[in-house]
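Here is the structure we will look at.
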There are 2 protein chains.
Amino acid sequence: MSKPVCNLQENFTDAAFLAKALSDVNRLRILCCLGRKEKSVNQIAGALELSQPLVSHHLKELRRVFLVKVERRGPFIFYTLADQKIPAVMKAFSALAETLLSQKQSF
Amino acid sequence: MSKPVCNLQENFTDAAFLAKALSDVNRLRILCCLGRKEKSVNQIAGALELSQPLVSHHLKELRRVFLVKVERRGPFIFYTLADQKIPAVMKAFSALAETLLSQKQSF
DNA sequence: AAACCATATCAACAGTTATTTATATATTTA
DNA sequence: TAAATATATAAATAACTGTTGATATGGTTT
C-alpha cells in the first residue's frame with residue numbers, strides 16, 4: 001500500500017489561512033523587518049514608512065496566524081517572529097515566486 | 001560589508017502575488033490534485049466535487065502566476081504543475097501552517 | 001491628577017474575490 | 001450541417017480586505 005502524495009479530502013484550511021496572511025506586500029515587509037531582532041510597532045512603522053494604525057492592523061493579521069509573538073515592556077510592545085523556520089520558508093517561497101513570475105514581462 | 005538579511009526597500013510584489021494564489025482552499029486542492037499527473041478540467045471538477053465554472057475560474061488564477069501549464073489535446077484541456085519545486089514548497093508551507101496553527105484550538 | 005507617549009480600535013470607503021447561474025466558444029462525431 | 005461534449009466567459013451577488021483619519025486605551029512621568 002503506497003502512501004498517496006495527497007489526500008483529496010485533505011483540509012487545506014490552515015495552509016490557505018497562512019498563505020492569506022503572506023499575501024500582502026506590507027506584511028511580508030514587516031516579517032522581513034522582524035527577521036533579525038524584535039521591534040516595536042513604531043520602529044516597524046518608521047523603518048517601512050507606514051502609518052502606525054496600518055502597521056497595527058497588519059500585526060493583528062500576523063498574530064491571527066501565530067507568525068509573530070508579542071511582548072509588552074513598559075509602554076512599548078515588541079513583536080518577534082514566532083518560529084525560526086519562518087525566514088527559510090519565506091526564502092523558498094520568494095525563490096519560487098521569482099522563478100515562476102520571471103516569465104511575466106517577457107514577450 | 002556583511003550581506004543584509006533583507007532589504008527593506010525590497011519589492012515583495014511577486015511573493016505576495018504567489019501567496020494570494022495559494023490563499024484559497026480550492027486552489028490548493030487543485031494543485032494537490034495535479035501533483036501526480038496532468039488532468040483535464042472535468043477530471044479535476046469530478047475529483048474535487050466542484051462545479052466546472054468554478055474550477056475554470058481557479059485555474060485561470062493559477063495560470064496568472066504560472067503555477068500551471070496548459071495543453072489542449074482534442075476537446076480536452078490538460079493542466080499540469082508548471083514547476084517541479086511546487087510540491088516541495090507546498091509541503092514546507094503546510095508543515096509551517098500546521099506547526100503555527102496547532103495553537104489555535106488549545107485553550 | 002494631568003500631560004504625554006505608544007499602541008489598539010473604530011468607522012468609512014474603495015477595491016477585490018469566491019461562488020452561482022446562464023451563456024458563449026471550440027472540438028469532435030454523426 | 002447538426003448534435004453533443006469540453007471548456008471558458010459573463011453577469012450578479014455577497015463577503016472580505018487594505019488604507020486612511022479619528023479616537024480610545026493603557027503605561028509613564030511630572
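Each chain gets a letter, A, B and so on, in the order its sequence line appears, and its residues count up from 1. All values below were derived from every heavy atom in this structure, side-chain atoms included, with hydrogens, water molecules and symmetry-related copies excluded. This one's a predicted model, so the numbers in the text were calculated from it and none came from an experiment.
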Among the candidates dA6(C), dT19(C), dA22(D), find the nucleotide nearest to the side-chain atoms of H58(B). dT19(C)
Checking R72(A) against F78(A): charged group under 6.0 Å from the ring centre and within 45 degrees of the axis? no
Whole-Å distance, H57(A) NE2 to dT17(D) C1', equals 7 Å
Give a yes or no on whether the backbone of V65(B) and the side-chain of R63(B) come within a donor-acceptor separation of less than 3.5 Å. no
Nucleotide nearest I77(B) (side chain, heavy atoms from C-beta), chosen from dA18(C), dG26(D), dA8(D): dA8(D)
Earlier contact from the 5' end, DNA chain D, for G74(A) and S51(A): S51(A)
Rounded distance in Å - CZ (F78(B)) to P (dT7(D)): 8 Å
Nearest to the P53(B) side chain among dT21(C), dT7(C), dT19(D), which nucleotide is it? dT21(C)
Taking OP1 and OP2 of dT27(C), is either one under 4.0 Å from a side-chain nitrogen or oxygen of R73(B)? no
From CD of Q52(A) over to C1' of dA24(D), roughly how many Å is that when rounded to an integer? 12 Å
Nearest-angstrom distance from the residue atom CG of L48(A) to C1' of dT19(D): 16 Å
In whole Å, I'd like the distance from the CD atom of E71(B) to the P atom of dT27(C). 14 Å
Candidates dG18(D), dT28(C), dT9(C) - which lies nearest the side chain of P75(B): dT28(C)
Could you tell me the separation between the CZ atom of R63(B) and the P atom of dT7(D), rounded to a whole number of Å? 12 Å
Any donor-acceptor N/O pair, R27(B) side chain to A21(B) backbone, under 3.5 Å: yes
Quick check on dT7(C): is either OP1 or OP2 less than 4.0 Å from any side-chain nitrogen or oxygen of S40(A)? yes
Starting from C1' on dT17(C), measure out to CZ on R64(B) and report it in whole angstrom. 10 Å
Hey, are S94(A) and E98(A) close enough side-chain-wise for a donor-acceptor pair under 3.5 Å? no
At under 4.0 Å, does any side-chain N or O of K20(A) touch on OP1 or OP2 of dT17(D)? yes
Within the pair N42(A) and dT7(C), is there a side-chain N or O less than 4.0 Å away from OP1 or OP2? yes
To the nearest 0.5 Å, atom CG of L54(A) lies from atom CD1 of I44(A) at 11.5 Å
If you compare every side-chain N and O of Y79(A) against the phosphate oxygens of dA8(C) (OP1, OP2), does one of them come in below 4.0 Å? yes
Please state how far atom CG in L54(B) lies from atom P in dA10(D), giving the value in whole angstrom units. 17 Å
